[in-house]
Amino acid sequence: RRDVLVLTPWLAPVVWEGTFSRDILNAQYVQKNLVTGVVTFAVEKYWFFIEGFMRSANKYFLAGHQVNFYLFTDSPEKISHLQLAPENHLFVIPIQNHSGWQDISMSRMHIISTYTHSQFQYEVDYLYSIDIDVQLLAHIGVEIIDALVATISSWRFTPHREDKAFGRGPEPQAAIPEGEWDFSYTASFYGGSVSEVYKLTRACFEGVMEDRGNGLEAQRQDESHLNEYLLHHKPTRLLSPEYYWDAEL
């Protein structure tokens, strides 16, 4: 494709529909006998999205490959029986509603890093975090597999800024020199190898705690810290806004 940016300035691929052969990638992936994990959170009213997310993810996320779904929820009793593909497994992990936090997203990074260290690293090779209020409408395959994977934010997507990649926000931020501008990523879909996801989530949680200690709160909470981390630890693969497109747009 020549109508979109397919390579970052640091030579990481940007994955768009039509830029890869899923058949070739599937053949390579199968030979490695890998397991991929998906982490998602359903707290308070978001339990309503569980069935829709799981049905669509079971059908479209790495179809035909081994996937472990890790669902963190404060309402495990509201989960009905879900028929999954033989290669997929759902693990429901009860958590308390962190009412002391302004938003569950403030503690997601801590939970992911903790469980990655204690459990996930022994069960999966790659790990992805996806928001529960997502409906998958088409196949998401092994083209997303890489060491550190981020999804370009659809809200801050500006297709004609290739000379500076994509700005990190609607206006320049004084703390970031213009020459260091980067892509703007969503915290709703990211992942990579277990070791890289552990380092990312641990660093983001430490950033959140440092902010709290200073009486601060990032404007977009964990998404701001994710973008700060990825500014200095470049993703090895980027997913286009096609992979997480807001229906409002």
Colleague: Please state whether the rings of Phe72 and Phe41 are parallel, tilted or perpendicular, taking 30° and 60° as the class boundaries.
Modeller: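 Plane angle under 30°, so parallel.
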Colleague: Can you see whether Tyr243 engages Glu143 through a side-chain donor-acceptor pair at a distance of less than 3.5 angstrom?
Modeller: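 Looking only at side-chain atoms, Glu143 and Tyr243 do form a donor-acceptor pair, the distance falling under 3.5 Å.
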Colleague: Does the pair Phe69 and Phe91 meet the rule for a ring pair (Phe, Tyr, Trp, His ring centres under 6.0 Å), with working shown?
Modeller: CA-CA 6 Å; Phe69 292 95; Phe91 300 90; 9.7 Å; no
Colleague: Between Asp131 and Thr40, is there a side-chain heavy-atom distance shorter than 4.5 Å?
Modeller: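 Sidechains of Asp131 and Thr40: no contact.
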Colleague: Looking just at side-chain N and O atoms, do Gln121 and His117 make a donor-acceptor pair shorter than 3.5 Å?
Modeller: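 No donor-acceptor contact under 3.5 Å links the two side chains.
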Colleague: Can you see whether Thr186 engages Ser188 through a side-chain donor-acceptor pair at a distance of less than 3.5 angstrom?
Modeller: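 Yes.
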Colleague: Could you tell me if the side chain of Lys59 sits less than 4.5 Å from the side chain of Leu136, heavy atoms only?
Modeller: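 No. Closest side-chain heavy atoms not under 4.5 Å.
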Colleague: In terms of ring plane angle, is the pair His110 and Phe205 parallel, tilted or perpendicular, where the classes change at 30° and 60°?
Modeller: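 Ring orientation, 0 to 90° scale: parallel.
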Colleague: Do Gln66 and Asn33 come within less than 4.5 Å of each other through their side chains, counting heavy atoms only?
Modeller: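 Gln66 reaches Asn33 side chain to side chain.
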Colleague: Between Asp146 and Thr236, is there a side-chain donor-acceptor contact under 3.5 Å, judged purely by atom types and distance?
Modeller: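 Judged by distance alone, the side chains do pair up.
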Colleague: Name the residue from Asn26, Asn88, Thr36 that meets the side chain to side chain donor-acceptor pair (under 3.5 Å) definition with His65.
Modeller: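 Exactly one candidate clears the test, Asn26.
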Colleague: For Tyr229 and Asn227, test the side chains for any donor-to-acceptor distance below 3.5 angstrom and give the result as yes or no.
Modeller: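 Short answer, no.
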Colleague: Give a yes or no on whether Phe20 atom CZ has more than 12 heavy-atom contacts from other residues, nucleotides or ligands under 6.0 Å away.
Modeller: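 Yes.
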Colleague: Around atom CD1 of Ile24, are there more than 12 heavy atoms of other residues, nucleotides or ligands at under 6.0 Å?
Modeller: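 Atom CD1 in Ile24 is not packed in, count stays at 12 or less.
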Colleague: Are the charged groups of Glu242 and Arg1 less than 4.0 angstrom apart, N to O?
Modeller: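 Yes, charged N to carboxylate O under 4.0 Å.
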Colleague: Can Tyr70 and Glu123 be counted as having a side-chain donor-acceptor contact under 3.5 angstrom?
Modeller: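 Side chains of Tyr70 and Glu123: pair found under 3.5 Å.
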